[in-house]
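Here's the structure, in structure tokens; my notes come after.
The figures that follow rest on heavy atoms only: side chains count, while hydrogens, waters and symmetry mates do not. Since this is a predicted model, take the numbers as computed values, not measurements. Each ligand, and each atom within it, is numbered from 1 in the order the structure gives.
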Amino acid sequence: MKYKILGIDTSCDETSASVIFDTKIQSNVMPSQTEIHAQYGGVMPSAAKLAHIERIDAVVQKALKQAKTRMENIDFIAATYGPGLAIALEVGLKKGIELAKKYNKPLVTINHMEGHLFSSLLQRNSTNTSNTTKLEFPVFGFLVSGGHTEIVYVEEFGKYKIIGETLDDACGECFDKCGRILGLGYPAGPVVSKFAKENRSKFNLLVYKHQQSVLVKATNKQTGVSYTLPIPMANSADLNFSYSGLKTAFKNLYDSIQNISKEEIIHLAVLFEEAALRQLEIKIEKALKQYKVKEILLGGGVVASARFRSKMISIAKRYNVGIRYPFSKKLTGDNAAMIAVAGLFRVNKYNLLHNPAQGIYIKDFETIDRDPSLILS
Ligand code: KG4
Ligand code: ZN
């Protein structure tokens with residue numbers, strides 16, 4: 001079925017609302033909170049909550065207006081219940097409940113990661129074809145964001161098995177922390193990527209084994225100076241990730257360089273990016289050797305990195321599997337359109353609007369107030 005859906009996401013620092021029709025985006029509003037959190041060098045939960053409260057009504061109104069529609073014409077609402085910052089999530093979820101009650105609309109609660117997982121299926125409003133029926137399972141979801149680094153084996157919609165995940169920090173978080181060490185502000189991940197992109201050609205990159213470890217070396221082609229970082233977990237048999245060791249090694253390397261120059265900051269950014277992305281490559285390759293899948297769906301903030309995407313495209317080619325990623329950078333990070341599209345798949349899969357007994361279609365709004373996560377399990 002084709003539905004018009006209002007999506008709402010306030011899981012972290014973006015206050016976002018979106019209207020989609022089928023898989024097509026009609027609006028996706030997300031005013032940035034970056035300036036608010038930059039002063040803290042990271043997301044400050046209480047400030048995020050306040051900003052969500054201040055903005056949510058205007059954001060929803062803007063999403064409806066941009067989509068040239070009204071609440072009355074919405075078929076159902078999809079709002080994120082978690083994971084995320086509890087006090088931030090609450091704002092969007094409560095708004096979803098309030099609108100559902102006021103306009104007598106069904107509300108579907110969505111796992112934020114399920115949104116990232118299906119973000120690549122969103123389409124421009126101008127697209128002629130529909131993406132709804134095109135996905136053939138099983139697929140891998142490769143979710144790489146500021147809070148998660150995981151490979152999800154998706155047997156079919158709603159049947160997920162996390163086959164590999166980070167044991168400590170997430171990849172995006174590590175980008176941010178190491179970029180911050182280099183003085184690149186907040187969030188530093190995109191700046192590290194930009195520096196690396198503009199300067200990578202000035203360095204020779206070499207990945208090699210040394211005793212039990214796998215290392216990356218970046219050598220400045222002009223000066224011959226090299227720096228090295230480890231790729232944690234590269235040799236482990238499982239599909240898990242680890243980024244805290246890379247952060248510590250990076251901090252030690254940074255501290256060992258006296259009077260660091262702009263050139264050396266660039267050198268370290270190039271080296272770091274390679275070490276961080278290599279781990280992702282190694283693990284997805286290992287996963288492809290162990291599981292047969294039709295496609296890889298990329299999702300999460302780090303997918304904004306063109307280098308990451310091109311590495312994944314060549315791996316997918318080599319293993320003869322398809323690959324999808326969001327059509328716009330805006331859809332890689334947190335946004336409500338991805339929550340709406342996950343809502344669409346959930347409603348279609350379980351025929352929710354016609355079969356409320358299936359469980360996820362929420363009539364009893366009071367229950368959701370108590371513990372939204374229980375309703376989905
Ligand atoms: O998905 P997202 O918006 O938020 C979470 O749910 O975590 O991901 C944000 C993360 C941040 O850590 C940010 O630094 C990282 O994605 N990121 C990048 C790039 N753009 C955003 N990391 C590397 N390269 C980029 N171009
Ligand atoms: Zn996210």
Once you round to the nearest 0.5 Å, how far does NZ of Lys65 lie from CZ of Arg70? 13.5 Å
Does only the side chain of Ser193 get under 4.0 Å from ligand 1, or the backbone, or both, or neither? Count heavy atoms. side chain
Need the ligand 1 atom indices (1-based, order shown) with element for anything under 4.0 Å from a heavy-atom of [X].
X: Asp334; value: 1 (O), 2 (P), 3 (O), 4 (O), 5 (C), 6 (O)
X: Gly146; value: 5 (C), 7 (O), 8 (O), 9 (C), 10 (C), 12 (O)
X: His112; value: 6 (O)

Nearest neighbour in protein (non-hydrogen) for atom 13 (C) of ligand 1: Asp176 OD1, 3.7 Å
Of all the non-hydrogen atoms in the protein, which one sits nearest to atom 20 (N) of ligand 1, and at what distance? Gly301 O, 3.4 Å
Check step by step if ring pair (Phe, Tyr, Trp, His ring centres under 6.0 Å) holds for Phe157 and Phe137. CA-CA 8 Å; Phe157 184 86; Phe137 295 103; 7.6 Å; no
Closer than 4.0 angstrom: is that true for some heavy atom of [X] and an atom of ligand 1?
X: Lys329; value: no
X: His116; value: yes
X: Pro190; value: yes

Ring centres under 6.0 angstrom apart (Phe175, Phe272): yes
Pick one: which of Lys217, Arg200, Arg307 meets salt bridge (Lys or Arg N to Asp or Glu O under 4.0 Å) with Glu274? Arg307
Between [X] and [Y] (salt bridge meaning N to carboxylate O under 4.0 Å), is one present in this structure?
X: Glu295; Y: Arg324; result: yes
X: Asp57; Y: Lys95; result: yes
X: Arg318; Y: Glu285; result: yes

Check the angle between the aromatic planes of [X] and [Y] and answer parallel, tilted or perpendicular using the 30° and 60° thresholds.
X: Tyr153; Y: Tyr291; answer: tilted
X: Phe203; Y: His267; answer: tilted
X: His37; Y: Tyr186; answer: perpendicular

Test of proximity, [X] against ligand 1: N or O pairs below 3.5 Å:
X: Gly172; value: yes
X: Pro187; value: no
X: Gly147; value: yes

Presence of N, O or S from His148 under 2.8 Å of the Zn ion (ligand 2): no
Examine all N, O or S atoms of His112, backbone included, and report whether one is under 2.8 Å from the Zn ion (ligand 2). yes
Heavy-atom proximity to atom 15 (C) of ligand 1, picking from Thr149, Asp9, Val302, points to Val302
Closest Asp334 atom to the Zn ion (ligand 2) [N, O or S only]: OD1
